[in-house]
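Some notes on the structure that comes next.
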Amino acid sequence: MLDLKLLRQEMTHVANCLATRGFELNVEEFNQLEATRKSLQVTTENLQAQRNAMSKQIGQAIRQGEESAALKTQVEQISQDLDINKAKLAEIQIQMNHFVMSIPNLPDDSVPVGLREEDNVCVRTWGEPAKFDFTVLDHVELGEKLQGLDFKSAVKISGSRFIVKRGQIAQLNRALTQFMLDLHTQQHGYEEMYVPYLVNQDSLYGTGQLPKFGGDLFHTQPATEEGVGMSLIPTAEVPLTNMVRDTILEADALPIKLTAHTPCFRSEAGSYGKDTRGLIRMHQFEKVELVQIVDPAHSMQALEALTQHAETVLQQLKLPYRVMALCRGDMGNGACKTYDLEVWLPAQGCYREISSCSNMSDFQARRMQARMRVKGEKKPILVHTLNGSGLAVGRTLVAVLENYQQADGTIRIPEVLQPYMQGATHIK
RNA sequence: GGUGAGGUGGCCGAGCGGCUGAAGGCGCUCCCCUGCUAAGGGAGUAUAGGGUUUGUCCCCUAUCGAGGGUUCGAAUCCCUCCCUCACCGCCA
């Protein structure tokens, strides 16, 4: 959510800036809403002030045993007007709120201009794609050959875009998450968290999934008729970031660095036909998430650091990758800057996204009212929030299978994972 | 799920229809005093929105778990919901 004051005062600048990410701000609609809001709010507050003052008079009159009936009828009239105005104002505020909540974040100046994926800029690459002297298999063939990826059972049990992993592959999956969590907690200073997988609506508004992207989520049925159901998390970013919702933090409590391993659930509505083969796009997948809550002055350095933390996972696994700075049009709604990590997949002969690291600046903090106290400042200021995958476990598994495959269809186990596999060196 | 007790400012805790944005205490900030330390005295100390100015000044409104209701007026009364605690039941 953007700063309403900024929106009011720098409308043209904001609109132009948003246009560079492909969002058309309806200036006219906003101005109209704003004008109506202003006049309604002023009259409403004036009426309230009148009512409060006269009610006080009535109180005094009664205490002194004076007549108060005339005053009462006057106030009654005011109250009636007030009710009408209040209702109108509430309606406008709902509209305003929806309007503002639907506006994406302003991109940072350093973000490449462009609207499509092709406009993303490669910042650096790491590692060399290995050369194979045999025909490489993709992870689906490898997984089925090793009887470790069971797509048939998953379809029977749940449907498409689900997976059953078994045996050594299931274990490798577990090894990956253990390895990632250990790395981030022991080397990168994150606190390990265990969080709910079902969250309430406030949390989803806080991190920006709602109101715009409810269709990407799985929602549970309301528990009661009036009650609103909870939703399965699409990423641990939601519970982790919402830890600081409605909180004023002391400066010395920052930065807060949190990590959690959770399943993630996405409806993938609108992605029909995309990545239908294999593990790339699942309704349920696992991720080790990194979240940082920082002083706004340091958020850009924090983004670089957080991206490094995610990169370290790939480096230790010796998986070739590249870092892409997303262009304005390709970034997620709440991000002011995003780096995607793309891992090399030999079977596809291309790099595929395995992590997305974003600085959300104050976009989520404003929605969540997550603030900090600054020395010398009277008012608390909004913190900045960042998040990134460190990494998507399912896709990392794909990368390991494909990059570490051998001519006979077996898989070497990356050295750093072997301690987590009882010292095993291969999956056969 | 049942019964009972509660949810008030950074924290503790009063208030139970108007004089309460909220006593008192703790904490914190500034000042004074005391040669250090301890103690003492004084002042200040919520958040959000708006008006007005762009002067960190002033004014207004809202907020005592959330949402409704009663009333001229609600932290205070009524209803619904959420949460916390205790006991019972059930259960991984």
Side-chain angles (χ1 to χ4, degrees), chain A residues 1-11 30-31 33-101 194 196-206 220-231 239 242-254 362 365-383:
Chain A
M1 181 171 150
L2 296 182
D3 185 2
L4 262 174
K5 282 188 184 125
L6 183 76
L7 207 55
R8 283 196 270 260
Q9 288 161 11
E10 314 262 348
M11 188 51 128
F30 179 81
N31 285 336
L33 282 170
E34 172 63 9
T36 317
R37 189 227 95 226
K38 198 182 214 174
S39 80
L40 278 174
Q41 183 166 344
V42 170
T43 43
T44 302
E45 288 184 355
N46 283 339
L47 285 169
Q48 278 177 151
Q50 276 182 52
R51 188 201 60 187
N52 290 347
M54 293 183 74
S55 289
K56 229 166 226 184
Q57 283 180 35
I58 293 174
Q60 283 170 0
I62 291 174
R63 247 171 292 126
Q64 289 161 19
E66 291 169 12
E67 182 53 46
S68 60
L71 277 169
K72 278 190 186 177
T73 34
Q74 279 185 58
V75 180
E76 225 160 330
Q77 184 55 50
I78 291 173
S79 289
Q80 280 176 24
D81 292 352
L82 187 58
D83 284 345
I84 296 165
N85 267 281
K86 263 188 178 168
K88 284 187 193 162
L89 182 62
E91 198 178 309
I92 285 289
Q93 274 168 341
I94 288 168
Q95 284 180 44
M96 275 287 259
N97 195 39
H98 195 270
F99 185 92
V100 180
M101 287 287 243
Y194 175 89
Y197 305 153
L198 284 165
V199 294
N200 59 33
Q201 307 292 299
D202 286 344
S203 293
L204 293 167
Y205 274 97
T220 62
Q221 289 291 317
T224 60
E225 270 181 40
E226 284 113 55
V228 184
M230 293 197 282
S231 307
N242 273 283
M243 288 288 296
V244 294
R245 174 152 51 84
D246 295 320
T247 305
I248 300 176
L249 299 151
E250 296 303 327
D252 59 14
L254 298 178
D362 61 10
R366 185 169 293 107
R367 291 166 168 243
M368 294 191 301
Q369 283 304 300
R371 290 162 296 173
M372 66 175 290
R373 290 193 195 284
V374 181
K375 271 186 197 132
E377 293 279 335
K378 258 195 198 166
K379 294 191 166 241
I381 61 167
L382 294 166
V383 296

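All values below come from the heavy atoms of this structure, side chains included, with hydrogens, waters and symmetry mates left out. Lettering of chains follows the sequences in order, A, B, ..., and the numbering in each one begins at 1.
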Ignoring backbone atoms, establish whether [X] has a side-chain N or O less than 4.0 Å from OP1 or OP2 of [N].
X        : N     : result
A/Arg371 : B/A48 : yes
A/Lys56  : B/G73 : no
A/Thr44  : B/U61 : no
A/Asn52  : B/C72 : no

Practice item. Tell me what A/Leu71 touches on the nucleic acid: a base, only sugar-phosphate, or nothing, going by heavy atoms under 4.0 Å. Key: nothing
Review point. When we call it a touch if two heavy atoms are under 4.0 Å apart, what does A/Ser79 touch: a base, just sugar-phosphate, or nothing?
Key: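 The answer is sugar-phosphate, as A/Ser79 gets under 4.0 Å only of primed atoms, P, OP1 or OP2.
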Please give the nucleotide sitting opposite [N] as a Watson-Crick or G-U wobble pair, both distances under 3.5 Å, or none.
N     : result
B/C81 : B/G65
B/G9  : none
B/G21 : none
B/U52 : none
B/U70 : none
B/U37 : none
B/C87 : B/G2
B/C28 : B/G44

To the nearest Å, how far apart are [X] [atom1] and [N] [atom2]?
X        : N     : atom1 : atom2 : result
A/Asn200 : B/C83 : CG    : P     : 10 Å
A/Arg366 : B/A48 : CZ    : P     : 12 Å
A/Arg37  : B/A48 : CZ    : C1'   : 13 Å
A/Leu382 : B/A48 : CG    : C1'   : 12 Å
A/Glu10  : B/U54 : CD    : P     : 17 Å
A/Asp83  : B/G73 : CG    : P     : 9 Å
A/Gln41  : B/A48 : CD    : P     : 15 Å

**Study point:** Any donor-acceptor N or O pair under 3.5 Å, side chains A/Gln80, A/Glu76
**Key:**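 Looking only at side-chain atoms, A/Glu76 and A/Gln80 do not form any donor-acceptor pair under 3.5 Å.
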Point to revise | Any side-chain donor near an acceptor of the partner, A/Ser203 and A/Arg245, under 3.5 Å | key: yes
Please answer whether the main-chain N or O of [Y] pairs with a side-chain N or O of [X] as donor and acceptor at a distance below 3.5 Å.
X        : Y        : result
A/Arg371 : A/Ile381 : no
A/Asn97  : A/Gln93  : no
A/Thr220 : A/Met230 : yes

Check your understanding: Is there a donor and acceptor pair, one atom on the side chain of A/Glu45 and one on the base of B/G49, closer than 3.5 Å?
Key ->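 Donor-acceptor pair under 3.5 Å: yes.
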Revision key, fill the gap. When A/Ala49 and A/Gln369 are each assigned the nearest nucleotide of RNA chain B, the 5'-most assignment goes to A/Gln369
Check your understanding: Where each residue is assigned the nucleotide of RNA chain B containing its nearest heavy atom, which of A/Gln9 and A/Glu76 is assigned the position nearer the 5′ end?
Key ->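 Checking each residue's closest nucleotide, the 5'-ward one belongs to A/Gln9.
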I want to verify a distance call: between [options], whose nearest atom is closest to the [X] side chain?
X       : options             : result
A/Ile62 : B/G51, B/C72, B/U61 : B/C72
A/Ser55 : B/G51, B/C72, B/U61 : B/C72
A/Gln48 : B/A62, B/G18, B/G73 : B/A62

Review point. Would the number of heavy atoms belonging to other residues, nucleotides or ligands and lying under 6.0 Å from CD of A/Glu91 be above 12?
Key: no
